[in-house]
Amino acid sequence: MKALRLVLLTLFFLFGAVHARAQTTATLKTQVSSRQVEVGESFSLTLTAMTDKGTSLPQSPSLPTPTGVSVQGPSVAMQQQVTLQGGSFQQRFGISATWTLVAQKPGRYRLGPPSVSVGARRVTGDTIEVEVVAAGSGTRPRRRDPLDPFGFGLPSLPGFPLGADDPPADLPAFPEELKVERADEPGAFLRAVASPMRVVMGEQVTLKIYAYGSRGPFRETNTSEPSRESFLAHTILENSYTETMHRVPIGGETWYAKKVRELALFPIRTGKLTIGAMRLGFEGRGYPSSGAHKGLVRYSPPLAIEVVEPPLAGRPAGYKTGDVGRFALSANVEPREITAGDAVSVVAKLEGTGNLPLALKTPQRTGTTWLEPTTVEEIEPRGSKVGGWRKLTYVVRIDTPGEVDLGELALPYWDPERESYDVAKASLGSIKVKPGNLANALPAKDDPLAGALGLRKSLGEPARGALALSDHRLFWLAIFLAPLGVVVAGAGQRFGKRLAARWRLKAESHASLAQQALSDARAALKQRDAAAAASQAEKAVLLAVEGATGLRARAVLKSELSSRLAAHGMGASLAAEIVTLLERCDDLRFTGSSGSQSSEDLVEGAASIVRSLGRTA
Amino acid sequence: MKLGAAVMVGCALWLTATHGQAQAGPEKTFADAVAALERGAVDDAIDRLESLADSGFSHPDASFNRAVAYVERARSENARPGDLGRAVAALEETLLARPGDAEAEQALERVRGEIARRRAREGAEPVVAKTSLGRAVVGLLPEAVWAGAAALGSFLASVGLALRWLSESHRRRVAASTAASIGGALLVLCGGLAFTARHFRVASRPAVVVAENARLLDQAGKPLVQKGGEPEHVSMPEGASLFVHERSGELVRIEWGTTVAWVQAAQVRPIGGTP
């Protein structure tokens with residue numbers, strides 16, 4: 001029996017623990033647009049439910065309402081939250097469900113609690129009490145459209161004197177940020193503005209999204225948030241229910257406009273980062289809906305933000321990319337006197353605007369151990385800037401007796417306004433540590449790396465850049481062209497020699513044949529055969545001419561021979577001499593006379609020409 | 001005249017001071033890092049030595065002390081994952097700049113041994129990546145030696161060919177032909193290896209894994225899954241040496257032994273600078 005009670009008790013505690021854990025995984029927030037409304041006035045109630053990544057997404061939102069209150073919706077939008085904790089990013093996902101309510105009778109109404117399903121459980125938000133007063137008796141001033149006294153969002157009536165086509169000059173003042181030159185789309189459009197468009201990693205980019213409708217007042221419905229995976233996001237304006245609608249002149253027409261979102265985004269990486277499109281349904285009379293509670297759907301244009309690293313020049317040691325803003329650091333240390341082995345508490349307060357870092361660089365000393373800090377923070381939008389403070393409480397154990405200087409806490413950061421680095425510092429002072437019992441000190445572990453590396457106290461010889469021969473094109477040209485050059489030179493020389501020998505042979509053969517012909521001519525003279533001598537003399541001259549110039553003179557008319565020989569580079573006198581001699585040879589052969597000269601003179605003349613031509617060759 | 005001389009002296013003094021300041025920059029940071037390590041401020045020393053490396057200052061002793069700092073932090077209660085891998089990267093950097101540093105070689109061996117011991121304590125099997133045949137052959141000798149041998153081959157071939165043309169004696173011609181053949185073979189073989197070594201050096205950078213376990217991914221960033229023994233590995237252990245080929249967004253394409261895959265860029269540290 002005792003054992004059974006023990007088991008039951010254990011199960012009870014286990015169930016309780018699991019239940020408590022499950023409860024903590026989902027975070028619910030309930031908001032209402034107004035705590036006091038008039039009969040017939042519409043107001044909204046929003047439930048935001050977020051769960052950790054990996055757990056079930058919240059779904060099936062429901063809102064119990066008392067009789068006398070009519071309800072429309074909910075319109076559900078996905079939510080994503082990224083936070084940096086303990087050096088790692090934590091993502092939470094969830095939904096925001098918005099109901100539009102209208103009370104029919106005065107009185108106090110308890111709305112909710114709204115609830116969502118998370119896995120198999122149903123998790124509830126807070127109950128909200130709203131006071132409904134008679135129409136016209138509310139203390140809160142209401143802005144009403146002159147054409148829409150009941151706040152139902154009547155469409156504008158073109159041409160009607162008090163309608164949407166009123167001259168813009170009559171419009172009340174509206175914020176400058178809503179001013180646009182022209183409408184991006186007919187009927188309704190969304191405009192997204194990010195500022196600045198070029199930032200350093202960790203610097204705040206403020207994203208504002210405005211909705212414009214030309215057909216009268218509208219409510220947002222069927223929304224999806226702009227994707228921003230590469231940014232840490234802080235919401236400045238979560239929805240447009242509390243925003244005032246303004247009438248804005250655009251292109252000669254009157255449009256209804258209001259800001260629907262404002263986010264402070266902190267880029268977590270460099271590059272061209274994209275902020276996705278936001279979807280919003282314009283709900284109201286005059287806005288044709290594409291389905292139940294879908295409204296007239298419009299998308300904002302996606303934006304590209306250029307994110308760079310802050311400059312390397314002047315970067316302080318210990319700067320962590322992403323620490324951007326303007327910060328101040330203060331610290332308090334207690335007690336100032338301890339016994340060795342005991343601990344002191346260091347409370348560091350980091351204040352400022354920007355992306356407040358989650359951790360600080362702690363000053364390390366031999367004999368002091370800094371434990372992980374506990375963190376308390378209050379960070380929220382201050383106007384359009386995110387800022388606040390974060391308190392980090394450290395426990396520091398000191399094992400070394402004596403006056404121990406704790407050093408200082410330091411946070412190097414980039415200040416985007418001044419465009420320079422700065423360091424927020426807080427001096428921690430010294431602690432008087434009395435000798436004490438160090439029995440609690442950790443025993444030395446078996447450490448194979450103890451003494452593995454001895455510290456080098458000065459810089460030795462710097463590294464010399466190795467000569468990389470192979471990086472030079474000349475090296476590759478030289479090693480391959482050198483042997484190739486030798487081969488080409490050798491082959492060229494051999495070819496030249498052969499060619500010269502061939503030419504020599506050729507020239508020599510003509511000369512020898514010419515000499516042979518002269519010998520034959522002389523032999524014919526001895527036999528008193530003048531015609532044969534003339535024929536051999538002519539042959540000798542023709543061979544000599546061919547040997548010297550390459551011209552086959554036998555095939556050339558005598559009348560043209562002189563000019564052809566000149567064309568082959570022969571002197572005019574020699575050419576004339578050759579032509580004369582050849583004509584005389586012809587005369588001697590065919591007529592038996594050669595003018596005044598004898599046959600011997602003719603042969604000697606031929607021999608002289610052959611010699612002259614041999615020199616020329 | 002006096003004014004001109006004063007201006008010149010002033011300029012000379014200013015230039016000397018500026019030059020001295022520029023010279024003292026890295027040395028002072030190094031000295032501050034040494035002082036921080038001596039008083040046990042390991043994080044401070046790491047910050048200073050890392051900022052020194054980021055500024056482009058490269059010195060084997062600065063890299064060695066960075067390894068000392070990471071090893072000290074790995075031994076402390078403030079140890080962070082990848083500290084020993086970063087120490088390996090720093091020691092590899094030391095050896096790349098000063099190949100004969102015996103102390104760095106021994107330290108590298110001990111740090112790698114400690115990584116293996118810690119992995120074994122957690123039940124992980126030792127992982128050995130087979131070196132690719134190309135890298136193994138090319139890695140037998142330094143690139144400069146291959147290039148020098150190719151140049152020698154070119155010289156031998158050129159002289160041999162020239163003598164073969166010029167020489168009349170048969171014996172000399174045979175000797176010249178032999179020299180030319182040997183030179184030609186040396187030129188083609190060593191020239192090819194020098195070219196391949198250069199290609200490896202230019203097309204990839206040595207790097208070290210600085211995460212406890214770097215998961216191998218495909219180009220889309222999806223983890224590789226082993227099917228039928230392929231691929232041989234799906235993750236790389238801390239301190240593993242590899243080669244980085246290219247970067248695409250947050251991923252880098254790496255060559256680890258015969259495995260070519262993608263990993264998160266933050267999990268590897270290229271030796272001698274950031275990717």
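Heavy atoms only: backbone and side chains are in, while hydrogens, waters and symmetry mates are out. Just so it is clear: chains get the letters A, B, ... in the order the sequence lines come, proteins before strands, and each one is counted from 1.
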Distance, nearest 0.5 Å, that separates CD of Glu246(B) from CZ of Arg205(B): 14.0 Å

- line: Honestly, the part of Ala67(B) sitting under 4.5 Å from a heavy atom of chain A is both

Interchain contact, Arg201(B) with chain A, by part (heavy-atom threshold 4.5 Å): side chain

message: Less than 4.5 Å to any heavy atom of chain B: does that hold for the side chain of Ala410(A), its backbone, both, or neither?
response: neither

query: Without hydrogens or angle criteria, can the side chains of Arg173(B) and Ser167(B) be said to hold a donor-acceptor pair below 3.5 Å?
result: no

message: Please classify the contact between Gln106(B) and chain A as side chain, backbone, both or neither, with a heavy-atom cut-off of under 4.5 Å.
response: neither

- request: Using a 4.5 Å cut-off on heavy atoms from C-beta on, say whether the side chain of Arg86(B) contacts that of Arg66(B).
  value: no

task: Enumerate by number any residue of residues 35-46 of chain B whose heavy atoms lie under 4.5 Å from heavy atoms of chain A; in the absence of such residues, state 'none'.
output: Leu37(B), Glu38(B), Arg39(B), Gly40(B), Ala41(B), Val42(B), Asp43(B), Asp44(B)

message: For Leu84(B), which atoms come within 4.5 Å of any heavy atom of chain A: side chain, backbone, both, or neither?
response: side chain

query: Is Arg164(B) atom CZ crowded by more than 12 heavy atoms from other residues, nucleotides or ligands, each under 6.0 Å away?
result: no

message: Between Lys457(A) and chain B, with a heavy-atom cut-off of 4.5 Å, which part of the residue counts as in contact: side chain, backbone, both or neither?
response: both

- prompt: What option among Leu484(A), Leu455(A), Leu481(A), Val487(A) has the most heavy-atom pairs under 4.5 Å with chain B?
  reply: Leu455(A)

Worked verdict on Thr362(A) versus Tyr394(A) for side chain to side chain contact (heavy atoms under 4.5 Å, CB included): CA-CA 10 Å; Thr362(A) 53; Tyr394(A) 298 88; 3.6 Å; yes

field: Part of Thr368(A) within contact of chain B (heavy atom distance under 4.5 Å)
entry: neither

query: Distance only, no hydrogens: is a donor on one side chain within 3.5 Å (strictly under) of an acceptor on the other, for Ser427(A) and Glu408(A)?
result: no

message: Let's test your reading of the structure: which of Ala151(B), Ser158(B), Ala74(B), Ala157(B) forms the most heavy-atom pairs below 4.5 Å with chain A?
response: Ser158(B)

query: Contact part of Ala450(A) toward chain B, heavy-atom cut-off under 4.5 Å: side chain, backbone, both or neither?
result: both

task: Assess the pair Tyr421(A) and Tyr413(A): is the distance between their ring centroids shorter than 6.0 Å?
output: no

task: Could you check if a side-chain atom of Arg315(A) sits within less than 4.5 angstrom of a side-chain atom of Pro310(A), using non-hydrogen atoms only?
output: yes

query: Short question: side chain of Trp370(A), backbone of Pro363(A) - any donor-acceptor pair under 3.5 Å?
result: yes

query: Roughly how far, to the nearest 0.5 Å, is CD of Glu105(B) from CD of Glu92(B)?
result: 10.5 Å

- line: Whatever's closer than 4.5 Å to a heavy atom in chain A on Ser63(B) counts as neither

statement: Bottom line for Trp476(A): the part with an atom under 4.5 Å from chain B's heavy atoms is side chain

message: When you measure from the centre of the six-membered ring of Phe30(B), is the NZ or CZ of Arg48(B) closer than 6.0 Å and no more than 45° off the axis?
response: no

message: Heavy-atom cut-off 4.5 Å, strictly under: side chain, backbone, both or neither for Ser154(B) against chain A?
response: both

message: For the interface with chain B, which of Ala317(A), Ala478(A), Ala489(A), Gly485(A) has the highest count of heavy-atom pairs at distances below 4.5 Å?
response: Ala317(A)

query: Within the side chain of Asp61(B), is there an N or O that forms a donor-acceptor pair under 3.5 Å with the backbone of Gly460(A)?
result: yes

field: Residue Leu152(B) versus chain A: region with a heavy atom under 4.5 Å
entry: neither

- prompt: Do you know which of Val486(A), Leu459(A), Asp471(A) has the most heavy-atom pairs with chain B at a distance under 4.5 angstrom?
  reply: Leu459(A)

- request: Select one option (side chain, backbone, both, neither) describing which atoms of Val188(B) are under 4.5 Å from chain A's heavy atoms.
  value: neither

- line: If one checks every heavy atom of Phe475(A) against chain B at 4.5 Å, the contacting part turns out to be side chain

task: Establish, from distance only, whether the side-chain atoms of Tyr70(B) and Glu50(B) form a donor-acceptor pair under 3.5 Å.
output: yes

- request: Tell me, out of Leu52(B), Asp32(B), Val68(B), who's got the most heavy-atom pairs with chain A below 4.5 Å.
  value: Val68(B)

field: Validation row: Leu449(A), Val111(B) side chains within 4.5 angstrom (heavy atoms)
entry: yes

task: Answer yes or no: is there a side-chain heavy-atom contact under 4.5 Å between Lys320(A) and Leu411(A)?
output: no

query: Is any side-chain heavy atom of Arg172(B) less than 4.5 Å from a side-chain heavy atom of Leu163(B)?
result: no

task: Measure Phe155(B) against the heavy atoms of chain A and call it side chain, backbone, both or neither at under 4.5 Å.
output: neither

